[in-house]
Amino acid sequence: RCPLLLAQGLLKGQKMDMVIEKATELGVHCIAPFASAFTVAHLPQERQAERMARWMKIAQSAAKQSGNPVPRIEPPQAFATLLSTLPPETERILFYEKEERCTLKHFAQARPHLAALSIIIGPEGGFSPAEIALAHDTGVHVVGLGPRTLRAETAALVAISLCQFLWNS
């Protein structure tokens, strides 16, 4: 099995809770929330511990229901920090709605076997061009999911499911 890390841009309202619940049910090993240039949801430092406890409780409940291990949930961090802390031994994919040349299908055809995978999904506002350039510069593969523009929470679940299908995560 290919361990899967989900780096998810912070989402507003209960969307982040839903992504954590469903990602846990789908069997991700780690969830790493981050803030980027266009992040709509902001998590003040004084509320971070409370939110982390909430997310852990959601993950524990989803793990119990699904029979999967409880994923590690990292504290929210800045996008640039996230890129520098992703495990170097993993393949790293950033899903970007404006990427038309390289799809996940093309990426998978070139890499039929992976030891570990980190996937990065943006927040509601998406990624800035500077963030995409930074991702490229740090060795992250930028791929598209096709012609549809998905909501951030939908993109996360689609990306996890497709990666599990492709690499038996």
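Fair warning: this is a prediction, and the values are worked out from it, not measured in the lab.
Taking CG of L83 as the start and OG1 of T138 as the end, the distance is 4.5 Å to the nearest 0.5 Å. Between Q8 atom CD and I73 atom CD1 the span is 12.0 Å, to the nearest 0.5 Å. Between the CD atom in E21 and the CG atom in L26 there is a gap of 10.5 Å [rounded to 0.5 Å]. One finds the CZ atom of R54 at 12.0 Å from the CE atom of M16 (value rounded to the nearest 0.5 Å). Interatomic distance, SG of C2 versus NE2 of H113, reported as 11.5 Å (0.5 Å rounding). The CD atom of E46 lies 11.5 Å from the CZ atom of R51; values are rounded to the nearest 0.5 Å.
The pair K98-E100 does not count as a salt bridge, with every side-chain nitrogen at least 4.0 angstrom from each carboxylate oxygen.
Here the side chains of P76 and Q48 are in contact, with some heavy-atom distance below 4.5 Å. For the pair V28 and I160, the minimum side-chain heavy-atom distance is below 4.5 Å. Taking 4.5 Å as the limit, every side-chain heavy atom of V142 sits out of range of all side-chain heavy atoms of F95. At least one side-chain heavy atom of V70 sits under 4.5 Å from a side-chain heavy atom of M56. For the pair L150 and E97, the minimum side-chain heavy-atom distance is 4.5 Å or more. Side chains of F127 and F38 form no contact here, defined as non-hydrogen atoms less than 4.5 Å apart.
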Legend entry - Candidate pair K15 and R151, rule side-chain contact (heavy atoms from CB on, under 4.5 Å), full reasoning: CA-CA 10 Å; K15 293 175 185 178; R151 292 182 179 270; 4.1 Å; yes

Legend entry - Evaluation steps, side-chain contact (heavy atoms from CB on, under 4.5 Å), between H141 and L94: CA-CA 6 Å; H141 302 277; L94 182 147; over 6 Å; no

Legend entry - side-chain contact (heavy atoms from CB on, under 4.5 Å) between L6 and V19, worked out: CA-CA 10 Å; L6 169 65; V19 167; 3.8 Å; yes

Legend entry - Intermediate values then yes/no, side-chain contact (heavy atoms from CB on, under 4.5 Å), E74 and I31: CA-CA 6 Å; E74 300 289 340; I31 301 169; over 6 Å; no

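In Q14, the CD atom is not crowded: 12 or fewer heavy atoms of neighbouring residues, nucleotides or ligands sit closer than 6.0 Å. The 12-atom threshold is exceeded at CD of Q109, counting heavy atoms of other residues, nucleotides or ligands nearer than 6.0 Å.
Under the 4.5 Å side-chain heavy-atom criterion for Ile, Leu, Val, Met, Phe, Trp and Tyr, I120 and L4 are members of distinct hydrophobic clusters. Under a hydrophobic-cluster definition in which Ile, Leu, Val, Met, Phe, Trp and Tyr are linked whenever side-chain heavy atoms come within less than 4.5 Å, directly or via other members, L82 and I93 are assigned to different clusters. A chain of hydrophobic side-chain contacts below 4.5 Å, direct or via other Ile, Leu, Val, Met, Phe, Trp or Tyr residues, connects L145 to L114.
Between the side chains of S36 and T39, at least one donor N or O sits under 3.5 Å from an acceptor N or O.
Using a 30° and 60° split on the angle between ring planes, F107 and W167 fall in the perpendicular class, above 60°.
Smallest separation of non-hydrogen atoms from L10 and P123: O-CB, 3.4 Å.
In summary, of the residues considered (K105, R101, H106), a side chain to side chain donor-acceptor pair (under 3.5 Å) with T103 occurs for H106 alone.
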